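Accompanying notes for the structure given below.
Remember, it's 1-based here, ligands and their atoms both numbered in the order they're listed. What you see is a predicted model, and the numbers here were worked out from it, not measured in a lab.
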Amino acid sequence: MELNFLSDNMTGASPEIIDALHKTNAGLLPAYGEDALTARVAAKLKDIFEADVTVFLVATGTSANALSLAALSPPFGAIYCHRDAHVEVDECGAPEFYTGGAKLVDLPGDHGKLSVTDIETALATAHQGVVHRVQPAAITLTQATEAGTCYRPSEVAAIAAAGRRYGVRLHMDGARFANALCFLAVSPAEITWRAGVDILSFGATKNGAVAAEAVVIFDNQLATDFAFRRKRGGHLLSKMRFLSAQLDAYLEGELWLKNATHANAMAKRLAEGLASISGARIVHPVEANEVFVDLPERTIQGLAADGFQVRRWIGEDQTLLRLVTAFNTKSVDVAKFINSARRHAGAAGP
Ligand SMILES: Cc1ncc(COP(=O)(O)O)c(C=O)c1O
């Protein structure tokens, strides 16, 4: 059975985005992002963020993060992140590589979130100015987090303010930014630059694009050499219009918000259904499009026997599953999963 909730990277793309790729295929257009479509995406993002942002499009989230962190940190910098952050565990050292050697300093935090207290302690004990130590340069938050939770504007603002007291800037990994925004019901400006974010990796791939992300820079001084970093890092696409077409369609008619609203609703329904099953425990608040659920081993085996592929998080002997919904998750498939889990848990049907 094809059916699974393994990742929002496993889905295809929104039909609107595929259509846009077809439409932009005709004719000759200037290369390397000098085209009108790329300018239109930047204009749309300025509008959405209510700010004179500088925008750079790239093809992957890893490059968006690594290039952003390179703009914020010298090679001898310290970059503070959650210990489960994608930059720390899933990017093969790209941030260290792109920064020329900065050190990621991982911190703990419940439900995937950094706490302002831990950040303050780390900064206060960082030995700023001591030549033997890496120097505090940046903090990176993931929004929504790797645990599927979301930072509130007040939390982002408190972390940004703590950083600023030490001259430390703030990056946000928004691979699932749309999902977070829909959950928080705040404006894009409120959860980013108004709360103190300097650079955002604005994700689109997981939420309906083929491969397209935008680096959104709120402090234009940080943008001056970004174009060179992107080119040198191999992410200045010659046929940039194909990235731009994706983002243009993604932002048009609020497709990005519609897609994320749907994915979030599916995760909520999945979590509510599973929560009522005997022996099930939802381990993180379900705020975006991910559900972390601990299920009895027999239920997991039963789901697998019914043909559901499930991902044990983290380790083959674990009974904690990560379930991810997407813009095109069908409610009927959510129901099938819940019914299968319920049947194998031995609980009464609905
Ligand atoms: C939190 C987070 N950041 C960034 C990324 C981007 O990764 P990629 O380079 O695979 O596009 C992902 C993808 O899994 C992610 O989950």
Side-chain angles (χ1 to χ4, degrees), residues 4-13 17 56-70 72 79-99 104 106-107 109 111-114 138-151 156 170-183 191-192 197 199-216 229-230 233-235 237 242-243 246-247 250 256 259-260 263-264 267 284 286-292 311 313-314 322-327:
N4 71 57
F5 297 94
L6 295 182
S7 172
D8 40 9
N9 282 328
M10 292 181 69
T11 62
I17 290 177
F56 293 91
L57 306 188
V58 292
T60 68
T62 297
S63 63
N65 288 342
L67 286 166
S68 299
L69 293 173
L72 294 177
I79 299 169
Y80 299 89
C81 64
H82 191 277
R83 63 160 63 122
D84 299 332
H86 199 267
V87 288
E88 166 70 357
V89 296
D90 279 317
E91 297 190 355
C92 194
E96 294 89 332
F97 179 61
Y98 277 67
T99 54
L104 292 191
D106 58 82
L107 298 171
H111 304 304
K113 286 191 197 177
L114 290 176
I139 301 164
T140 174
L141 306 179
T142 313
Q143 180 78 307
T145 71
E146 285 75 8
T149 54
C150 301
Y151 289 94
V156 177
L170 187 59
H171 166 250
M172 181 174 273
D173 172 357
R176 297 188 178 88
F177 184 74
N179 303 90
L181 199 69
C182 290
F183 169 75
I191 196 60
T192 56
V197 174
I199 303 190
L200 168 72
S201 301
F202 178 88
T205 307
K206 291 171 190 301
N207 191 35
V210 176
E213 318 276 310
V215 174
V216 180
R229 290 183 189 282
R230 179 178 61 170
H235 277 272
L237 271 71
F242 289 103
L243 286 195
Q246 292 177 65
L247 279 155
Y250 184 66
W256 63 301
N259 279 358
N264 286 8
H284 299 304
V286 177
E287 298 183 343
N289 63 323
E290 292 172 280
V291 178
F292 290 81
R311 175 160 297 161
W313 198 260
I314 292 168
R322 183 186 82 154
L323 308 171
V324 189
T325 55
F327 69 95

Run the side-chain donor-acceptor check on residues 83-96: report pairs under 3.5 Å with partners two or more places apart or on a different chain.
{"from": "H86", "atom 1": "ND1", "to": "E91", "atom 2": "OE2", "distance (Å)": "2.6"}
{"from": "E91", "atom 1": "OE2", "to": "N65", "atom 2": "ND2", "distance (Å)": "2.9"}

Close-range residues for ligand 1, whose non-hydrogen atoms fall below the 4.0 Å threshold: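 Those residues closer than 4.0 Å to ligand 1 by some heavy atom are N9, T60, G61, T62, N65, H86, E91, T142, E146, D173, A175, R176, K206.
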Side chain to side chain donor-acceptor pair (under 3.5 Å) partners for T140, two or more places apart: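 Checked T140 against side chain to side chain donor-acceptor pair (under 3.5 Å); matches are H171.
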Non-hydrogen side-chain atoms of T145 and H111 separated by less than 4.5 Å: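 No, every pair of side-chain atoms sits at 4.5 Å or beyond.
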Over 60° means perpendicular and under 30° means parallel, so tell me whether W256 and Y250 are parallel, tilted or perpendicular.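 Judged by the thresholds at 30° and 60°, the geometry between W256 and Y250 is tilted.
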With under 30° as parallel and over 60° as perpendicular, where do the rings of F177 and F202 fit, or are they tilted in between?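 If you compare the ring of F177 with that of F202, the planes turn out tilted.
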Excluding sequence neighbours, so at least two apart, what forms ring pair (Phe, Tyr, Trp, His ring centres under 6.0 Å) with H235?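 Residues passing ring pair (Phe, Tyr, Trp, His ring centres under 6.0 Å) with H235: none at all.
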